[in-house]
Colleague: 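Can you keep this structure in mind? I'll have questions shortly.
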Amino acid sequence: MLLTRAPRGTRDILPPEAEKWRRIEEKARELCRLYRYGEIRTPLFEHTELFSRSVGEETDIVSKEMYTFEDRGKRRLTLRPESTASVVRAYLEHNLNAAPQPVKLYYIGPMFRYDRPQAGRYRQFHQFGVEAFGSQSPALDAEIIHLADQLYRQLGLPDVALEVNSVGCRRCRPPYREKLQGFFREKLESLCPDCRQRHGTNPLRILDCKEETCRSHFREVPTLGDNLCPECGSHFAALQEGLKNLNLPYRVNPFLVRGLDYYTKTVFEFISPRLGAQSSLGGGGRYDDLVEVCGGPPTPGSGFAVGLERILLALEEEGLSKEEEAPEVYVASIDAGALPRVDLLLRDLRAKKVSCERDFLGRSLKAQLKQAGRSRARLTVLLGGDEFREGKALLKDMATGEQDTVSLDSIIDAVLDNLDREV
RNA sequence: GUGGGUGUAGCUCAGUCAGGUUAGAGCGCCAGGUUGUGGCCCUGGAGGCCGUGGGUUCAAGUCCCAUCACUCACCCCA
């Protein structure tokens with residue numbers, strides 16, 4: 001057991017990096033305020049069955065990636081691998097179906113999946129997501145996509161690409177599924193081992209395969225788009241109208257099939273060219289049957305989630321630097337006699353919302369100045385010596401090196417003045 | 001779950017192929033370069049069971065085996 005190492009697939013986020021996280025989270029929150037999504041905070045673990053039922057028994061997430069445990073009361077619990085299921089549960093638990101619809105919610109927080117870690121993939125990772133319940137309108141899907149698009153753009157990732165598709169509903173998908181199985185039945189020999197497996201369990205996934213042998217059939221394969229029922233067809237058409245209306249560039253990817261079972265009609269994904277193998281920055285779609293599956297009244301829903309680690313990764317490729325925030329003022333002592341006054345000055349500066357720092361290691365004046373310079377403080381106040389006995393202090397501008405003598409009575413005002421703050 | 005790459009100082013890495021005295025560099029950190037002043041420069045210092053365990057050998061950072069971790073990819077996803 002390595003006590004000095006975080007568990008596999010997890011990591012610490014230290015101050016300079018946490019700064020970048022805050023920026024992303026604040027942007028997400030700001031957008032949610034503008035688009036009128038309210039924050040919801042749900043537990044990090046839920047009853048195991050909530051996920052297996054909603055995400056789908058056959059999915060990779062449920063079949064091999066969940067952190068499941070039994071608590072002391074013999075309950076089967078699972079650390080959430082995604083958040084849509086939890087939000088649906090909360091929507092029902094608190095009777096939000098009685099509130100004016102649609103109910104629009106967002107969340108930010110950690111998720112857990114037992115995967116082999118690799119670039120942009122962790123066992124504890126973080127998602128920002130939104131969910132909207134109670135409307136079937138394709139305009140709502142378009143709004144969600146627009147919100148996501150704005151997040152990327154405003155964070156400085158203009159080259160993300162949007163792909164959309166429709167996976168139909170419980171009326172048109174089963175017949176299509178059979179049609180697809182029929183199409184591949186006589187070609188089983190030429191499919192990769194994985195796809196031969198998929199043919200039985202989840203034939204739609206074959207469309208996701210990257211093997212050339214499998215892809216070679218894709219030119220003639222019947223697509224979802226050609227097999228949607230009239231309702232799903234017009235819904236998909238309306239979504240595309242909505243995206244055009246909002247001037248959102250997109251590409252219809254007839255092979256876009258998402259890994260969670262609950263999606264109906266709209267599915268979409270944002271791809272970044274700068275991400276390596278895990279090129280998906282975020283995605284989502286509509287889930288009109290999910291609330292019912294979880295034991296509620298028939299209620300349509302639509303949502304989106306994005307991985308914060310993925311955004312960070314993409315921004316890093318962008319070459320965005322992370323800089324630790326500098327203090328505004330460093331207070332140095334010329335001799336130990338001034339130390340009590342140093343602490344009072346720090347207290348008073350902080351009361352005026354000025355960030356300031358002092359030495360705690362008994363450093364020499366020279367070393368204190370060195371620290372001040374290294375921390376990139378804008379100003380340094382020096383207390384001690386003859387000036388201190390005369391009720392004065394030295395105020396030094398670290399950029400120019402210029403230094404004034406200021407009376408201790410007016411030192412706060414002088415600092416504020418030099419920082420261009422209101423006195 | 002499968003495959004490849006990598007583990008030497010806080011960080012980035014030499015040294016491993018041809019085993020052989022006290023294991024190195026740059027950056028970072030700490031101190032000093034005479035009165036009470038940072039950045040540049042100079043000098044000095046601290047800091048390493050060479051990932052861990054076993055084996056081969058007179059001798060292992062170096063060769064062999066195992067194991068753990070990190071990393072990239074597959075699967076899948078965020």
Colleague: Holding to salt bridge (Lys or Arg N to Asp or Glu O under 4.0 Å), I want the full list of residues that pass it with A:Glu357, two or more places apart in sequence or in another chain.
Modeller: none

Colleague: If you draw a 6.0 Å radius around CD in A:Glu49, do more than 12 non-hydrogen atoms from other residues or ligands fall strictly inside?
Modeller: no

Colleague: Using a 4.0 Å heavy-atom cut-off across all strands, classify A:Asp386 as base, sugar-phosphate, or nothing.
Modeller: base

Colleague: Looking at the base of B:U37, is there any donor atom on it, or on the side chain of A:Gln403, that sits under 3.5 Å from an acceptor on the other one?
Modeller: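 Under the 3.5 Å cut-off, the side chain and the base do form a donor-acceptor pair.
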
Colleague: Under 4.0 Å between any heavy atoms, over every strand shown, what does A:Leu260 touch: base, sugar-phosphate, or nothing? Just pick one.
Modeller: sugar-phosphate

Colleague: Among residues at least two apart in sequence or on other chains, which ones pass salt bridge (Lys or Arg N to Asp or Glu O under 4.0 Å) with A:Arg347?
Modeller: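 A:Arg347 satisfies salt bridge (Lys or Arg N to Asp or Glu O under 4.0 Å) with no residue once adjacent residues are dropped.
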
Colleague: Using the 3.5 Å cut-off, write out each protein N or O paired with an N or O of nucleotides 40-48 of chain B and the distance between them.
Modeller:
none

Colleague: Only counting residues at least two apart or in another chain, list the ones meeting side-chain contact (heavy atoms from CB on, under 4.5 Å) with A:Asp288.
Modeller: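 Scan of A:Asp288 (side-chain contact (heavy atoms from CB on, under 4.5 Å), adjacent residues dropped) gives A:Thr264, A:Lys265, A:Arg286, A:Pro300.
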
Colleague: What string of B, S and - do you get for nucleotides 26-34 of chain B 5' to 3' if you count protein non-hydrogen atoms under 4.0 Å?
Modeller: ---SSSS--

Colleague: Can you check whether A:Gln118 has a side-chain N or O nearer than 4.0 Å to OP1 or OP2 of B:U71?
Modeller: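 Result: no.
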
Colleague: Can you check nucleotides 3-6 of chain B for protein contacts, nitrogen or oxygen pairs under 3.5 Å, and list what you find?
Modeller:
residue: B:G3; atom: O6; partner: A:Arg116; partner atom: NH2; Å: 3.0

Colleague: Test: side chain to side chain donor-acceptor pair (under 3.5 Å). Region: residues 331-342 of chain A. Which pairs qualify, not counting sequence neighbours?
Modeller: none

Colleague: Using only atom types and a distance under 3.5 Å, with no angle test, would you say the side chain of A:Gln368 pairs donor to acceptor with the backbone of A:Arg363?
Modeller: yes

Colleague: Does A:Glu402 have any salt bridge (Lys or Arg N to Asp or Glu O under 4.0 Å) partners at least two apart in sequence or in another chain, and if so, which?
Modeller: none

Colleague: Check every strand shown and say whether A:Met111 touches a base, only sugar-phosphate, or nothing at a heavy-atom separation below 4.0 Å.
Modeller: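 The answer is nothing, as A:Met111 stays clear of every strand by at least 4.0 Å.
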
Colleague: Is there a donor-acceptor pair under 3.5 Å between the side chain of A:Ser83 and the backbone N or O of A:Ser86?
Modeller: no

Colleague: Which ring pair (Phe, Tyr, Trp, His ring centres under 6.0 Å) pairs, counting each pair once, include a residue from residues 178-214 of chain A, with sequence neighbours left out?
Modeller: none

Colleague: Return the residues of residues 34-43 of chain A meeting this criterion: a heavy atom under 4.0 Å from some atom of RNA chain B. Order them by number, or give none.
Modeller: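 Per residue number, the list is empty: none.
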
Colleague: What side-chain donor-acceptor pairs closer than 3.5 Å can you find for residues 145-158 of chain A, not counting sequence neighbours?
Modeller:
residue: A:His146; atom: ND1; partner: A:Tyr35; partner atom: OH; Å: 2.6
residue: A:Asp149; atom: OD1; partner: A:Arg153; partner atom: NE; Å: 3.3
residue: A:Asp149; atom: OD1; partner: A:Arg153; partner atom: NH2; Å: 3.3
residue: A:Asp149; atom: OD2; partner: A:Arg153; partner atom: NE; Å: 2.8
residue: A:Gln150; atom: OE1; partner: A:Gln154; partner atom: NE2; Å: 2.9
residue: A:Gln154; atom: OE1; partner: A:Lys27; partner atom: NZ; Å: 3.0

Colleague: Only counting residues at least two apart or in another chain, list the ones meeting side-chain contact (heavy atoms from CB on, under 4.5 Å) with A:Ser279.
Modeller: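 Applying side-chain contact (heavy atoms from CB on, under 4.5 Å) to A:Ser279 gives A:Ile271.
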
Colleague: Check for a donor-acceptor pair, side chain of A:Arg113 on one end and backbone N or O of A:Ile61 on the other, with a separation under 3.5 Å.
Modeller: no

Colleague: Please pick, from B:G36, B:G38, B:C72, the nucleotide with the shortest atom-to-atom distance to any side-chain atom of A:Ala119.
Modeller: B:C72

Colleague: With hydrogens left out and only the distance checked, is there a donor-acceptor pair under 3.5 Å joining A:Arg8's side chain and the base of B:A69?
Modeller: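 No pair found.
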
